[in-house]
Amino acid sequence: MTRSGVIQRYSAQEARLEPLAVARPRLPTADAILPYLERIDTARWYSNFGPLLGEMEDRLAARFGQDTRVVTTVNATQALTLALQAMDLPQGTLCAVPAWTFIATAHAVAQAGLVPWFVDVDADTWMLDAEATRAALARAPGAVSAVIPVAAFGRMPDLESWKTFQDATGVRVLVDAAAAFDAANDADLPLVVSLHATKVLGMGEGGFLATRDQALADRVRQQTTFGFDGSRDALRVATNAKLSEYSAAIGLAALDSWPADRLRWFMTAQTLRRALMPTPEVRFQAGWGERWTTSVCVVDLPEGSADAVEAALHADGVATRRWWGQGCHLSPAFITAPCDDLPNTRRLANATLGLPFAIDLSPSDIARIADSLTRALAR
Ligand SMILES: *Cc1c(COP(=O)(O)O)cnc(C)c1O
């Protein structure tokens, strides 16, 4: 550490700056939820697909193309699991997933009775590439029945190439668009979005499947409600994964404020991008805060600098997070799962860092992040 680094760190401590959290979710206020709660009081309908949940699903479906069905679930992990189960894939076969994703993707695969096969992501998009995955199929250590491309931190993959992949290979494609509430608008391939508190549109816990495949939507719906479909006969082995009217009240309030919130997310991202213009070696995901928005800011740092940058930011009270750790393939739960060569995943795990980001991150907090980062990189 340089001498000036010592002095600057000392001053940050002297100033007793509050630690800057990596995320600070903001969900609808009690006031915004109240009118919906009053509707529940009047209707006395508390769960099992009441009017509020119906309205929420209609409003979510309207964000996609015509004929899109939305099936809400208690969270995105359940939606992924149930969608895979509804596809009736041969048990024990492989489902290709990126090693570079949140662990929930792998859990969903295992819960659906499939085996995750970790494959590498593209160096630039940080996502599975349809062509590269097709080539990788020839090296698979067993039969591959499905693949889950993941929208990395909210950036959508190229869906056209995945439709081509599915048509050419017969391998079913399910898109994990958990963090892509903003960017997901095409449900030609089934996709799952999370409404968790830490995501860009949060309602606490919640998620949904969007699909134009009516039969798939019907099956997933049955699976969220004991296998029932209009009677009390269980048509298939299922679970209970439905949302209550209280959850829908929060979801509807969140949807009401989404157009304004979305602009705020973009404005905050633009301010952060501008503050980091003097350090072009800190690279954002393509389109982040410009074409699409999300609740996290993950930057790609110069080779070999991430550990030192992270330590310097922490010393300045600026939190960081490696949202996806070292990659799913290295987590103890999946250490024995098969994996392909993963050079890009390894690089990303060592070079990317989640910076503090929030819908209302203040200009002074942004300046503090930029300052700390600029000094760290200058060392
Ligand atoms: C958040 C996330 C999930 C899990 O969503 P939950 O609603 O919390 O279950 C799954 N996959 C990815 C890529 C995520 O970012």
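Bear in mind the structure is a predicted one, so any value in this text is a computation, not a measurement. Numbering of ligands and ligand atoms starts at 1, following listing order.
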Heavy-atom contacts under 4.0 Å between [X] and ligand 1: side chain, backbone, both, or neither?
X      : answer
Val150 : side chain
Leu195 : neither
Ala76  : both

Tell me: protein heavy atom nearest [atom], and distance?
atom                   : answer
atom 9 (O) of ligand 1 : Thr77 OG1, 2.5 Å
atom 1 (C) of ligand 1 : Lys199 NZ, 1.7 Å
atom 7 (O) of ligand 1 : Ser194 OG, 2.7 Å

Heteroatom distance test (Asp176, ligand 1): nitrogen or oxygen, under 3.5 angstrom: yes
Ligand 1 N/O within reach of Glu205 N/O, cut-off under 3.5 Å: no
Should you measure from each heavy atom of [X], which atoms of ligand 1 turn up under 4.0 Å away?
X      : value
Thr101 : 13 (C)
Gly206 : 7 (O)
Ala104 : 3 (C), 4 (C), 10 (C)

Nearest-0.5 Å distance that lies between atom CG in Asp300 and atom CD in Gln285: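 Asp300 atom CG to Gln285 atom CD measures 9.5 Å (nearest 0.5 Å).
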CZ on Arg262 to CD1 on Ile359, rounded to 0.5 Å: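 Result: 12.0 Å between the selected atoms.
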Close approach, Ala79 and ligand 1, non-hydrogen under 4.0 angstrom: no
Non-hydrogen atom of Gln78 closer than 4.0 Å to ligand 1: no
Step-by-step side chain to side chain contact (heavy atoms under 4.5 Å, CB included) determination, Leu137 to Phe165: CA-CA 11 Å; Leu137 289 178; Phe165 171 99; 4.0 Å; yes
Ring geometry between Phe153 and Trp324 (parallel below 30°, tilted from 30 to 60°, perpendicular above 60°):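 Plane angle under 30°, so parallel.
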Audit row: Arg63, Asn185, side chain to side chain contact (heavy atoms under 4.5 Å, CB included) steps and yes/no: CA-CA 6 Å; Arg63 298 174 49 77; Asn185 57 18; over 6 Å; no
Between [X] and [Y], is any pair of side-chain heavy atoms under 4.5 Å apart?
X      : Y      : value
Thr77  : Thr105 : no
Thr268 : Asp360 : no
Gln78  : Gln223 : no

